[in-house]
Amino acid sequence: MIEARHLRVLRAVASTGSFSAAGRELGCTQPAVSQQMKALESSVGTPLLVRTGREMRLTQAGEALVRHAAGIIAGLTAAEEEVAAIAGLRAGRVRLVSFPSGSSTLVPTALAALRAAHPGTRVSLEEAEPPNSVELLREGDCDVALAFRYEGAAGAEEWDDLVVRPLLTDRLVALVPEGHRLARSEGSVAIGELARESWIAGCPRCRGQLVEVCEGAGFSPRIDFATDDYPAVVGLVGAGLGVAVLPQLAVESVRPRGVRTVALEPAVRREIVALTLPDLAQVPAVAATLDELARAGARQSAAR
């Protein structure tokens, strides 16, 4: 195997004409230069230098290797500089996948702070709900995935192979029209009090959680409308077409007009996290993105 340090010595010998002059140029001794040249000739399996009097002359093989050495060393230098830039957060790329309410609340704050601190780091954003977002991470199609899971739900071990960075705990709240009988309720309301209402359901995972919570309270919700679009859910509730249960983060991601939020009992919470692979967690740009997402989550919690 040809080593870059041996190529640098060979170029110095070729340009200066002797081991001693090459040693002075490189800041090492003449025996050290001689030793490295012997190691290089051993690696390539042919002589590279011929002594002619006091000077060293390149063989045909030596000339060929010196001709290629310039490009090899230049490429290595460029690679070293690029890696150093990435390690020092002067450059880098992070592919982020988030569910919609995270994209409109946590992500903007985190990415603005990341850009201010490390303007050379670029972050791309795509939207996907878990578990799809988690699969994208495992398949190598993103570097960080924002995801959530409900407290007490089965499958808590599904993220055991990933680095899990907690961001905040998000409580589910009920949305009712402003004129609803429970709109002015103080304190929490038992979800059973909404048993006879028409329901507007959210994303598939939230919809499943709604049905599970309602059935735990002794009734099955009559779902008249279902949409993944949170502003549409709020609009339908505001128009008096039903009630809904949404995560608080989803409510904060839209401007809720014509509706009231009501705390529910029993309390249902979901854990919002940022996920990455163990090896990716060591990449400076990914680690910095996780840090900023955690700070954004802490700010979101403090503002409630």
Problem set entry | Candidate pair Val259 and Val176, rule side chain to side chain contact (heavy atoms under 4.5 Å, CB included), full reasoning | CA-CA 6 Å; Val259 303; Val176 299; over 6 Å; no
Exercise. Yes or no on side chain to side chain contact (heavy atoms under 4.5 Å, CB included) for Val243 and Val237, after CA distance, side-chain angles and deciding distance?
Worked result: CA-CA 6 Å; Val243 299; Val237 174; 5.6 Å; no
Exercise. Ser198 and Arg222: side chain to side chain donor-acceptor pair (under 3.5 Å), yes or no, with the steps?
Worked result: CA-CA 6 Å; Ser198 298; Arg222 192 188 80 210; 2.2 Å; yes
Exercise. Stepwise, does the side chain to side chain contact (heavy atoms under 4.5 Å, CB included) test hold for Thr276 with Gln282?
Worked result: CA-CA 10 Å; Thr276 191; Gln282 309 304 315; over 6 Å; no
For this session: Using the side chain to side chain contact (heavy atoms under 4.5 Å, CB included) rule, take Arg5 and Gln36 through it: C-alpha gap first, then chi angles, then the decisive distance, then the call.
Result: CA-CA 8 Å; Arg5 62 193 178 99; Gln36 292 197 51; 3.7 Å; yes
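More than 12 heavy-atom neighbours from other residues, nucleotides or ligands sit within 6.0 angstrom of CD on Gln30. Atom CZ of Arg299 sits in a crowded spot, with more than 12 heavy atoms from other residues, nucleotides or ligands closer than 6.0 Å. The number of heavy-atom neighbours closer than 6.0 Å to CD of Gln35, taken from other residues, nucleotides and ligands shown, is 12 or below. Heavy-atom neighbours of Arg181 CZ from other residues, nucleotides or ligands within 6.0 Å: above the threshold of 12. For CD of Glu135, the number of neighbouring non-hydrogen atoms (other residues, nucleotides, ligands) closer than 6.0 Å is greater than 12.
Side-chain heavy atoms closer than 4.5 Å link hydrophobic residues (I, L, V, M, F, W, Y) into clusters, and following such links, even through other members, never connects Leu264 to Tyr230. Residues Val211 and Leu246 fall into different hydrophobic clusters, defined by Ile, Leu, Val, Met, Phe, Trp and Tyr side chains chained together at heavy-atom separations under 4.5 Å. Linking ILVMFWY side-chain heavy atoms closer than 4.5 Å, directly or via other members, places Val66 and Met56 in a single hydrophobic cluster. Cluster annotation: Leu114 is connected to Val94 through the hydrophobic network of ILVMFWY side chains, with a link wherever side-chain heavy atoms come within less than 4.5 Å. In the hydrophobic cluster analysis, where Ile, Leu, Val, Met, Phe, Trp and Tyr join through side-chain heavy atoms closer than 4.5 angstrom, Trp159 is grouped together with Leu280.
Rounding to the nearest 0.5 angstrom, the gap separating the CZ atom in Arg90 from the CD atom in Glu82 is 11.0 Å. The SG atom of Cys142 sits 8.5 Å away from the CD atom of Glu126 when rounded to the nearest 0.5 Å. Here Trp199 contributes atom CH2 and Arg207 contributes atom CZ; the two are 14.0 Å apart, rounded to the nearest 0.5 Å. Going from atom CG of Leu48 over to atom OG of Ser42 covers 10.5 Å, rounded to the nearest 0.5 Å. Here CD1 of Ile2 is found 6.5 Å from CD1 of Ile72. Values are rounded to the nearest 0.5 Å. Note that CZ of Arg67 is 13.5 Å distant from CZ of Arg11, once rounded to the nearest 0.5 Å.
Across all their heavy atoms, Pro278 and Asp161 have their closest contact at CD-O, 3.5 Å. Minimum heavy-atom separation, Cys214 to Ile191: SG-CD1, 3.9 Å. Residues Val144 and Leu137 come closest through the heavy atom pair N-CD1, 4.2 Å. When all heavy atoms of Leu106 and Ala296 are compared, the pair lying nearest together is O-CB, 3.6 Å. Nearest heavy-atom pair across Leu125 and Ser98 is CD1-CB, 4.1 Å. Residues Arg304 and Thr169 come closest through the heavy atom pair NH1-O, 3.3 Å.
Side-chain atoms of Leu162 and Val134, non-hydrogen and from C-beta on, do get closer than 4.5 Å to each other. Using a 4.5 Å heavy-atom cutoff, the side chains of Leu293 and Arg165 are not in contact. Looking at Gln300 and Glu252, their side chains come closer than 4.5 Å, going by heavy atoms from C-beta outward. Taking the side chain as every heavy atom from C-beta outward, Glu151 and Val268 never approach each other to under 4.5 Å. Put simply, the side chain of Thr59 does not reach to within 4.5 Å of the side chain of Leu49, judged on heavy atoms. Looking only at side-chain heavy atoms (C-beta outward), His180 and Glu197 come within less than 4.5 Å of each other. Inter-residue side-chain proximity for Leu96 and Val107 is flagged as met; some heavy-atom pair is nearer than 4.5 Å. Looking at Pro100 and Glu129, their side chains come closer than 4.5 Å, going by heavy atoms from C-beta outward.
Counting only N and O atoms by type, the side chains of Ser103 and Glu127 include a donor and acceptor under 3.5 Å apart.
Remark: the backbone N or O of Ala250 is paired with a side-chain donor or acceptor of Ser253 at under 3.5 angstrom. For Asp170 (side chain) and Pro247 (main-chain N/O), no donor-acceptor pair under 3.5 Å exists by modelled atom type.
Tested against Val251 for a side chain to side chain contact (heavy atoms under 4.5 Å, CB included), the candidates Thr261, Val234, Leu172 yield a single pass: Thr261. Tested against Asp143, the residues Arg138, Arg122, Arg93, Arg95 include a single salt bridge (Lys or Arg N to Asp or Glu O under 4.0 Å) partner, Arg95.
Using a cut-off of 4.0 Å between Lys/Arg side-chain N and Asp/Glu carboxylate O, Lys38 and Glu41 are scored as not salt-bridged.
Residues that satisfy the side-chain contact (heavy atoms from CB on, under 4.5 Å) test with Ala21, not counting sequence neighbours, are Thr16, Ser18, Arg24. Ala298 is linked by a side-chain contact (heavy atoms from CB on, under 4.5 Å) to nothing, counting only residues two or more places apart in sequence or in another chain.
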